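In what follows, every chain begins at residue 1, and chains take the letters A, B, ... in the order their sequences are listed. Source: prediction; values computed, not measured.
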Amino acid sequence: MREVTSSFNAEEVEAAVRSFWDTDNIYAQVKKQHAGSPPWFFVDGPPYTTGHIHLGTAWNKILKDSILRFRRMQGYDVIDRAGYDMHGLPIEVRVEQELGFSSKKDIETYGIDKFIEKCKDFAITHKEIMSDQFRDLGIWMDFKNPYQTITPDYVEAAWWTLKRAEEKGLLERGYRVVNICPRCETAIADSEVEYWDETDPSIFVKFPVQDRENEYFVIWTTTPWTLPANVAVAVRDDFTYARVRAVKDGREEILWIGEPLVEEVLRKGRYQDFSILETVTGDALIGMHYRSPLEEQVPIQKDVHHRVVYADFVTMENTGLVHLAPGHGWDDSLVGQKEGLESLCPVDNAGIYTADAGIFAGKFVKDADQDVMDALGDNLLAKKKITHRYGHCWRCKTPILMISTEQWFLAIPKIKDKMLAEIARVEWQPDWAGSARFHDFVAGARDWCISRQRYWGIPIPVWECDACDARKVFGTVAELNEAAGTHLTDPHRPYVDDVTIPCTCGGTMHRVKDIFDVWFDSAMASWATLGFPRKTAEFERLWPAAFITEGQDQTRGWFYSQLGASIIAFDQAPYNKVLMHGFALDAEGRKMSKSVGNVISPEEVVAKVGVDVLRLYLLSASAPWDDLKFNWEGIKTTNRTINILWNVYRFPLPYMILDAFAPETAADGTWDGEYVMAHLPEMPEEDRWIISRVNSLAAQVGEDVDNGMLHRATRSCLTCILEDVSRWYVQLVRPRMWLEEDAREKREAYETMYYVMRRICSNLAPFAPHITENIFANLRTDKDPESIHMLSWFAGDATLIDATLEAEMGVIRSFDEAIATARQEGGRKLRWPIGEAFVITDSDAVENAITQMDELARQRANSQAITIVRGAWDRMGCSAEPVMRGIGPEFGKDGPKVKAAIEAADAATLKAAIERDGEVSVDGFTITEKHIAFSEKMPENIFASEMEGATVCVDITLTPTLEGVGFSREVVRRIQEMRRQLDLNVEDFITADVVITDNRVRDLLAGIHEDGIAGEVRATTLSITPVAGETGEGGLTTEWNVEGVTITIHIQKRGQ
RNA sequence: GGGCCCGUAGCAUAGUUGGUGGUGCACCCGGCUGAUAACCGGGAGGUCGUGCGUUCAAGUCGCACCGGGCCCA
């Protein structure tokens, strides 16, 4: 053992620990230690390899690391392979930016192969950066060999899964309305759409009614560009619609408008006059036909049989009639399918009108809004602007378009029941994450669009014949090579695109051009990380995962994608237990974002307080599933607690070193609480108490971690260090550390402190792996394992837990606080003894505790005697308080009156009556002891304070003896202060001369207490005299004023 | 617009079946002085987001609203 620095230096300690881990290869050793033990299969939710990690990512990994470390210490062989999500549009966008590209054409010109290589470099570079950042947070996961979604074996896992979907008839292809980003020229998932306000046209349009002269349906839309695709108008059958004769600039026309909206619409169209010709319900309109106002400009519109249909989503807003373009809207396409409407989509993936769009062909749709409005001519009834929430591509921020495109889907609704059943089977922490949130999401899930028209991703392994309808899905590269007679190694685009297969019909099969949505990539993680399907042994041994944990955003993300894919592949959820965690927010509870400038980086916190404080803060600040409001105050508090842990640890070290203390060990030299196990019954009660506390703590922490309550586990540890060890045990045990001789009490104190530190560090090790490792390195015996992380999890020993003792000590601590309060009230310092303290109580528990620990209680109280008073104390007055818990149920509505009556009555009279008769009548109410609580009132010469179950009174009257002790304590304190000023060592001896001119005070001290003072301050000679004698050279002389008495003290180190 | 979660003192957090709202930090006052750039005690500080309701009694139960978060539309 060595002494340590006076305050915790995180940077130094953590650097030392990190270098120890590196040089001695501790992580690998710990893994090796558990090889062959029961496995615990964890799957890392793969972070996306772009940019740097943020506080939320740090929290995520710290939660994982803490739980993994805990399971390792429990003896499991933990599968802790890290993972990275490395494909996808975000990386393409970054590479495009680097290369200055703005469209897919640029990529194709540059060369898909070169582009893919750039994307791969980007992903790998950033993977390395992130791994380093995670290592810097003390994360122990396999970063040397992480699973990566871009490796050929991973790609095969996705291929294999798609093949399963095809075999089960769950792979579908169709024209569907999807969000597309016209810049990225690809479908994007709903989750990739970001909404914010956008200003768009808001137009009212007249659709001429078939075979009726000058009669129109009036519709409203914010997307003029979708009008070339209009095929129907929707109404509600139960709404009332008006047929209106409207007059504008002398011309009359007949308009159909929702009845409540007539005036408003006509005002917008600047009509001067109108009259309602008739009103009908919507069902009368359904089936009516109309013509497109754009049939001249968009010839395909001439062939469309436009009609009025029913749709339940119509509301009585704007005009009450809704323009339907099944090629450009999800709701529209659903109605279209039901009604058998045509679906027009004269727009391509880049948002450019196709030839079908007539005069608009070749234009970008958003730019064509004005052209469409112009083309409408007189059929444009009114034109305004509207600001509304509109979706945007999450990467490039381009407004999205809804268009009908050919995509690949997984038919999730067909497996929904199985998914819901599996959700019910999985254990969720907290429960509502599964039973409510995830359940509801899956219950409403639709087909999953898995295709993207991009480059950097897993190619969809579907080959289609150019001559017939045949298609084939390949589950492995080998299978493909065999069918094609090729030797493909990298399954990425563009290489895989060149592979063709001869079709049985004589035609040639080509791969479809699409790649997978990245959500599909990560969905395979649980079997891809085990090398499945190439290798099956590990999969059969380990799958499904014992545990995963991710943020609440992954409900619709990774929790969902994994479940869907796994049901398709194996009819079973890929995880047994899921902990859903929250988001890291700023101190105001707002999302951290670069634009707001409220981002806190993990590095920033680590630079200030170190990794372990960040870890403990993140783990303890809130329940995992709640959002975490980052707060620097909280960081500071945690830092302070860690510093206290450090102080508690270093406090006994100088004494232990001085005495060459070595803890009792087992025969093989390892330590496992040997002394405590052998000697517990005869150890002092405060030792038995802290040992009991530490064992209770361990049991609690283990249970909390099991239940995902990391916040409780860490808070319990920190509280125990602060409250039980620092504020209480260390205070009690200090005098025993100072004992000179080889005393048994001292040995027991050392063994107990050693035990406490070892056990608490072991419990804290999963959460704060550095400081605990550092402390352990200094405390361990030569034969103990090299690292704290090689120890077995200490789960607490029930035989060492003494609940009664813990309760009794609780009473003493409550007593201690009450004494301090009462003394402060009476203005009597703790240093000055009092003659007597009284504990007035009716509680056996209080009496027993104080009696059992009389010496400790007297010592803490600095009182010569403690007297227990049962029942009433004759020197005590009393007051009464109503107990609503008792009054309410019995008196009901009269409760408040009874309360008032009790408050108004004389307490002593009530008490006397109840004690005599068991009841008393107040204002006509019969009051018994359950309705009233009596408390005591102090006499004036006594100071009192409440403790749990008792009232503590101190008598602060001074006697000459007490005053003598008080002054002697004052002198001791002054001499100790002077020793400190002279910077003397604990073991140095001094000579001391105390000059007190006040005869009375000198007499109080002289003779009675000289020996005691001399011993406490390590003075070989100590004189108390009325005048200063010869003091010689050196030393220190100080004049003190103690309670108005002048005391001059000279001390000198012996041997000088 | 819908689902789930959160909203308790300046900050953070506890509050089991409804029964006079606890704790830590910060603040102020004091103590201790062989853990001392540490430690301990006390005090002050609360419209329990807002409103309505159920009840003798609501932080707790119900409804509505406000604010924040995640997700969906």
J.: From B/rC6, B/rC11, B/rC72, pick the nucleotide closest to the side chain of A/N631?
T.: B/rC11
J.: In whole Å, what is the span from the OH atom of A/Y729 to the P atom of B/rC39?
T.: 19 Å
J.: Calculate the interatomic distance between A/N862 atom CG and B/rC40 atom P; express it in whole Å.
T.: 20 Å
J.: Rounded to whole angstroms, how far apart are CE on A/M757 and P on B/rA35?
T.: 16 Å
J.: Could you walk me through whether A/H931 and A/F891 pass ring pair (Phe, Tyr, Trp, His ring centres under 6.0 Å), step by step?
T.: CA-CA 10 Å; A/H931 305 131; A/F891 294 100; 5.2 Å; yes
J.: Is B/rC4 paired to anything, Watson-Crick or G-U wobble with both distances less than 3.5 Å, and if yes, which nucleotide?
T.: B/rG69
J.: Checking all strands, does A/F441 fall into the base, sugar-phosphate, or nothing category for heavy-atom contacts under 4.0 angstrom?
T.: sugar-phosphate
J.: Taking the side chain as every heavy atom from C-beta outward, state whether A/W832 and A/E970 have any atom pair closer than 4.5 Å.
T.: yes
J.: Roughly how many Å apart are B/rG30 and B/rG67, using the C1' atom of each and rounding to a whole number?
T.: 41 Å
J.: I want to check something: taking the side chain as every heavy atom from C-beta on, are A/V177 and A/H328 in contact at a cut-off of under 4.5 Å?
T.: no
J.: Using the C1' atom in both, what is the distance from B/rC61 to B/rG69, to the nearest Å?
T.: 25 Å
J.: Select one nucleotide: of B/rU13, B/rA38, B/rC40, the one nearest the side-chain heavy atoms of A/S726.
T.: B/rC40
J.: Once you apply the 3.5 Å cut-off to both distances, tell me the Watson-Crick or G-U wobble partner of B/rC63, or none.
T.: B/rG51
J.: What integer number of Å spans the C1' atoms of B/rG53 and B/rA14?
T.: 28 Å
J.: How is A/Q976 classified with respect to the nucleic acid when contacts are heavy atoms under 4.0 Å: base, sugar-phosphate, or nothing?
T.: base
J.: Considering only heavy atoms from C-beta outward, does the side chain of A/Y560 approach that of A/I412 to under 4.5 Å?
T.: yes
J.: Distance between the C1' atoms of B/rA64 and B/rA12, in whole angstroms?
T.: 30 Å
J.: RNA chain B: A/Y655 or A/K636, which has the more 5' nearest nucleotide?
T.: A/K636
J.: A/Q859 CD to B/rC32 P: how many Å, rounded?
T.: 16 Å
J.: Write down the distance between CH2 (A/W728) and P (B/rA35), rounded to a whole number of angstrom.
T.: 17 Å
J.: Using purine N1 to pyrimidine N3 plus N6-O4 or O6-N4 for Watson-Crick, or N1-O2 and O6-N3 for G-U wobble, both under 3.5 Å, which nucleotide pairs with B/rA57?
T.: none
J.: Has the side chain of A/S622 got a donor or acceptor atom sitting under 3.5 Å from an opposite partner on the base of B/rA12?
T.: no
J.: Starting from the 5' end of RNA chain B, give me the residue, A/H711 or A/D627, whose nearest nucleotide shows up first.
T.: A/H711
J.: Nearest-Å distance, CH2 (A/W432) to C1' (B/rC71)?
T.: 11 Å
J.: What is the nucleic acid contact for A/A433, judged by heavy atoms within less than 4.0 Å: base, sugar-phosphate only, or nothing?
T.: nothing
J.: Looking at B/rC28, which nucleotide sits across from it as a Watson-Crick or G-U wobble partner, both distances under 3.5 angstrom, or is there none?
T.: B/rG42
J.: Can you tell me how far P in B/rU23 sits from the matching atom in B/rG43, rounded to whole Å?
T.: 10 Å
J.: Give one of base, sugar-phosphate or nothing for A/R823, where a contact means two heavy atoms less than 4.0 Å apart.
T.: nothing
J.: Of the nucleotides B/rU33, B/rG41, B/rG15, which has the atom closest to the A/R973 side chain?
T.: B/rU33
J.: Would A/Y617 and A/F630 count as a ring pair (Phe, Tyr, Trp, His ring centres under 6.0 Å) here? Give the steps.
T.: CA-CA 9 Å; A/Y617 170 74; A/F630 181 86; 5.6 Å; yes
J.: Ignoring backbone atoms, test whether A/K629 places a side-chain nitrogen or oxygen under 4.0 Å from the OP1 or OP2 oxygen of B/rG68.
T.: no
J.: Looking across every strand, which nucleic acid part, if any, lies under 4.0 Å from A/T555 by heavy atom: base, sugar-phosphate, or nothing?
T.: nothing
J.: If you measure from the C1' atom in B/rG41 to the same atom in B/rA57, how many Å do you get, rounded?
T.: 36 Å
J.: Using atom P in both nucleotides, what's the gap between B/rG68 and B/rG62 to the nearest angstrom?
T.: 24 Å
J.: Which nucleotide, B/rA35, B/rC39, B/rC5, lies nearest any side-chain atom of A/N647?
T.: B/rA35
J.: How far, in whole Å, is B/rC25 from B/rU33 if one measures between their C1' atoms?
T.: 24 Å
J.: Kindly indicate whether the side chain of A/V578, heavy atoms from C-beta on, has any atom under 4.5 Å from the side chain of A/Q429.
T.: no
J.: So, is A/R437 near the phosphate of B/rC71, with a side-chain N or O under 4.0 Å from OP1 or OP2?
T.: no
J.: I want to verify a distance call: between B/rA73, B/rG24, B/rG42, whose nearest atom is closest to the A/R446 side chain?
T.: B/rA73
J.: Which nucleotide in the set B/rC70, B/rU13, B/rC5 lies at the smallest distance from any side-chain heavy atom of A/D553?
T.: B/rC70
J.: Give the ring-plane orientation class for A/F438 versus A/F441, where under 30° counts as parallel, over 60° as perpendicular and anything between as tilted.
T.: parallel
J.: Kindly indicate whether a cation-pi arrangement holds for A/R446 with A/W330, taking the cut-offs as under 6.0 Å to the six-membered ring centre and within 45° of the axis.
T.: yes
J.: Under 4.0 Å, heavy atoms only, any strand: does A/R969 hit a base, just the sugar-phosphate, or nothing?
T.: nothing
J.: How long is the line joining CG of A/L628 and C1' of B/rC6, in whole Å?
T.: 13 Å
J.: May I have the distance from A/R640 (atom CZ) to B/rC11 (atom C1'), rounded to whole angstrom?
T.: 15 Å
J.: Which nucleotide sits closest to the side chain of A/R715: B/rU13, B/rG69, B/rC39?
T.: B/rU13
J.: Where the side chain of A/D440 is concerned, which of B/rG3, B/rC40, B/rG41 is the nearest nucleotide?
T.: B/rG3
